[in-house]
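To start, the structure under review is shown below, and the notes come after it.
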Amino acid sequence: MDFNKITEGILARFKAIVGESAVVTAKEEVSNYSHDETEDLIYYPEVVVKPQTVEHISALLKICNDALIPVTVRGAGTGLAGGALPVKGGLLISMERFNKIIDIDEQNLQATVEPGVITEVFINAVAEKGLLYPVDPASKGSCFIGGNVANCSGGPRVVKYGTIREYVLNLEAVLPNGDVIWTGANTLKYASGYNLTQLMIGSEGTLGVVTKIVTKLIPRPTQDVLMLASFPTNEDACAAVSAIFRAGVIPSALEFMERRGMEWVIEHDGIAFDLKDGIGAFLLIEVDGTNQDVIFDDCEVINGVLEAHNCADVLFADSAAQKEELWRIRRTMAVSVKSNSVYKEEDTVVPRAALPQLIKGIKQIGAKYGFESVCYGHAGDGNLHVNIVKAGMSDEDWNNKLKDGITEIFKLTVSLGGTLSGEHGIGLVQKDYMPLKYNDTHFLIWKGIKQVFDPNGILNPGKIF
């Protein structure tokens with residue numbers, strides 16, 4: 001697809017729609033929107049616009065669709081797959097002014113929120129009313145809920161409560177031609193035609209621009225217990241994961257962290273933690289509910305499983321402050337790894353019983369190609385984040401051979417029944433690996449869907465496939 005540049009006349013029309021102060025063209029300010037958290041990739045849009053209403057977005061898209069100008073929609077810029085990078089230039093629509101929690105409906109346990117609301121702000125707002133929105137990615141303090149919808153983001157607690165797909169009931173979206181639709185209904189059951197809501201979730205801004213999100217809420221658990229279990233090896237820790245579920249317990253969070261990640265967090269963040277010799281990996285396990293006796297019974301079952309899988313020690317957090325400190329170790333791990341080395345992050349996911357084979361294979365592939373890896377993630381979902389660290393790898397090998405190593409990791413993942421991304425999305429950096437999992441029929445269907453929604457291909461071009 002050949003796209004056109006933004007002319008002075010079109011720029012004037014943008015300003016007439018949103019106001020001159022909401023249109024950014026100065027390179028030093030535009031540069032803030034040229035990157036996200038995906039390694040060191042930089043792509044400049046021609047113009048950044050900050051709309052505030054659905055009417056603004058409808059009018060902007062109509063202009064761009066008619067003029068064949070590419071459009072990239074951006075949330076908070078915390079993405080890890082390059083999904084919001086304007087690789088074709090054009091217009092970048094920033095959703096930062098769509099930042100209102102419109103309604104929290106306590107009677108129906110629903111909320112309506114704009115996509116530019118910070119996820120943690122929304123979580124805290126519903127918590128004040130005794131409710132829970134359990135989708136809490138590691139970047140929840142800065143990411144936008146709209147970006148979570150676009151990438152089908154998750155977090156630790158979806159292992160018990162379900163992914164974001166279970167919590168989005170309905171979406172208001174603007175199509176590339178400017179039409180505004182609601183994708184579904186504000187109901188718990190939906191059997192009326194194709195489910196456009198689920199289609200839009202995870203579509204990474206390639207089909208439409210989401211402007212309102214209706215979420216399901218649930219009663220907030222009143223009590224929880226957090227424990228940190230240590231193991232001699234990665235495989236021991238990973239083998240314990242599926243065994244916990246087979247024992248009949250569903251934790252509210254079950255996170256895996258290997259020793260090297262813990263070491264870097266301690267060094268980078270100055271967290272005081274006694275990292276004992278002979279410990280290779282950790283599981284951070286949370287159990288929540290409303291009945292303390294039931295929670296303790298579940299913890300006893302978990303403790304028995306841990307002992308049967310060579311667990312060396314279990315630390316029970318004895319205060320809210322200690323719980324927060326343990327969670328901080330997990331949530332800052334990505335930042336710590338990034339601060340220590342050039343790296344690439346992959347987002348593998350397999351059936352959780354296959355985790356021991358996955359992590360063993362990742363280490364073997366790293367030894368073959370000469371890179372190190374630091375692994376952590378949502379083990380309860382089978383979702384392992386693989387941070388590939390350059391370390392002593394030569395620049396030539398890093399630039400020319402690393403892709404072969406990543407390809408082997410994804411081939412292993414697929415062979416174990418998994419797929420390419422659990423929650424980061426495909427975006428720009430993962431799309432070349434899609435044929436490892438999907439065949440020509442998949443691509444024909446996806447391209448057909450894209451053609452129906454976006455026949456001119458203006459929305460987030462160059463992503464997913």
Side-chain angles (χ1 to χ4, degrees), residues 156 159-160 224-266 271-288 295-318 322-323 325-327 329-330 333 337 348-367 372-387 409 412-413 415-418:
V159 63
K160 177 178 179 178
D224 62 73
V225 171
L226 185 66
M227 62 186 85
L228 183 71
S230 55
F231 297 83
T233 70
N234 291 331
E235 290 87 347
D236 287 331
C238 287
V241 173
S242 64
I244 290 171
F245 292 88
R246 295 197 305 271
V249 179
I250 301 178
S252 51
L254 207 174
E255 299 289 297
F256 170 84
M257 300 175 288
E258 69 168 295
R259 181 186 181 95
R260 190 59 178 141
M262 293 285 281
E263 289 173 345
W264 280 1
V265 169
I266 292 168
I271 292 176
F273 184 83
D274 183 14
L275 193 57
K276 294 181 172 64
D277 293 340
I279 299 301
F282 299 84
L283 293 180
L284 185 63
I285 308 167
E286 180 188 83
V287 182
D288 72 3
I295 292 174
F296 285 154
D297 287 345
D298 284 346
C299 289
E300 285 187 15
V301 172
I302 291 172
N303 205 48
V305 172
L306 298 177
E307 289 179 359
H309 286 81
N310 299 324
C311 178
D313 183 54
V314 179
L315 168 66
F316 284 83
D318 58 10
Q322 191 173 32
K323 290 177 184 177
E325 192 78 345
L326 291 177
W327 272 117
I329 291 173
R330 168 61 186 89
M333 197 159 284
V337 172
T348 59
V349 59
V350 295
R352 53 185 167 231
L355 280 171
Q357 298 154 275
L358 176 63
I359 196 161
K360 181 178 180 180
I362 288 168
K363 298 303 180 182
Q364 290 172 339
I365 293 167
E372 295 181 21
S373 62
V374 178
C375 300
Y376 53 86
H378 314 306
D381 302 327
N383 184 194
L384 197 65
H385 301 318
V386 183
N387 283 259
I409 289 174
L412 171 64
T413 301
S415 74
L416 294 172

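Not measured: the values here are computed from a predicted model.
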Once you round to the nearest 0.5 Å, how far does [atom1] of [X] lie from [atom2] of [Y]?
X: K323; Y: L226; atom1: NZ; atom2: CG; answer: 7.0 Å
X: I329; Y: I266; atom1: CD1; atom2: CD1; answer: 6.5 Å
X: E263; Y: L275; atom1: CD; atom2: CG; answer: 5.5 Å
X: M262; Y: I271; atom1: CE; atom2: CD1; answer: 8.5 Å

Non-hydrogen side-chain atoms of [X] and [Y] separated by less than 4.5 Å:
X: R246; Y: V305; answer: no
X: P156; Y: H378; answer: yes
X: L228; Y: F273; answer: yes
X: L315; Y: F282; answer: no
X: D224; Y: I295; answer: no
X: F245; Y: V159; answer: yes
X: E255; Y: W327; answer: yes
X: I359; Y: F256; answer: yes

For the residue pair [X] and [Y], what are the closest heavy atoms and their distance?
X: A229; Y: C311; result: CB-SG, 3.9 Å
X: M227; Y: V314; result: CB-CG1, 3.9 Å
X: G418; Y: P351; result: N-CD, 4.1 Å
X: W264; Y: V337; result: CE3-CA, 3.5 Å
X: P251; Y: E286; result: CB-O, 3.2 Å
X: V241; Y: A379; result: CG1-O, 3.4 Å

Begin from the C-alpha positions of L283 and L254 and carry the test side chain to side chain contact (heavy atoms under 4.5 Å, CB included) through to its verdict. CA-CA 7 Å; L283 293 180; L254 207 174; 3.9 Å; yes

[Y] backbone acceptor or donor facing [X] side chain under 3.5 Å:
X: T348; Y: L384; value: yes
X: R352; Y: G380; value: yes
X: R260; Y: S373; value: no
X: E258; Y: C375; value: yes

Assess the residue pair I285 and L306 against the criterion (side chain to side chain contact (heavy atoms under 4.5 Å, CB included)); give the C-alpha distance rounded to whole Å, side-chain angles, the decisive distance to 0.1 Å, and a yes or no. CA-CA 11 Å; I285 308 167; L306 298 177; 4.1 Å; yes

Side chain to side chain contact (heavy atoms under 4.5 Å, CB included) between I279 and F231, intermediate numbers included: CA-CA 6 Å; I279 299 301; F231 297 83; over 6 Å; no

Can you list every pair that meets side chain to side chain donor-acceptor pair (under 3.5 Å) and has a residue in residues 301-311, with sequence neighbours left out? D236-N310

Chi angles and distances behind the side chain to side chain contact (heavy atoms under 4.5 Å, CB included) call for K160, D288: CA-CA 10 Å; K160 177 178 179 178; D288 72 3; 2.7 Å; yes

Could I get the full list of salt bridge (charged side-chain N to carboxylate O under 4.0 Å, His left out) partners for E372, not counting sequence neighbours? none

Could you tell me whether D313 and K276 have a side-chain N and a carboxylate O separated by less than 4.0 Å? no

Counting only heavy atoms not in I250, do more than 12 fall under 6.0 Å of its CD1? no

Could you tell me whether K360 atom NZ has more than 12 heavy atoms of other residues or ligands within 6.0 Å of it? no

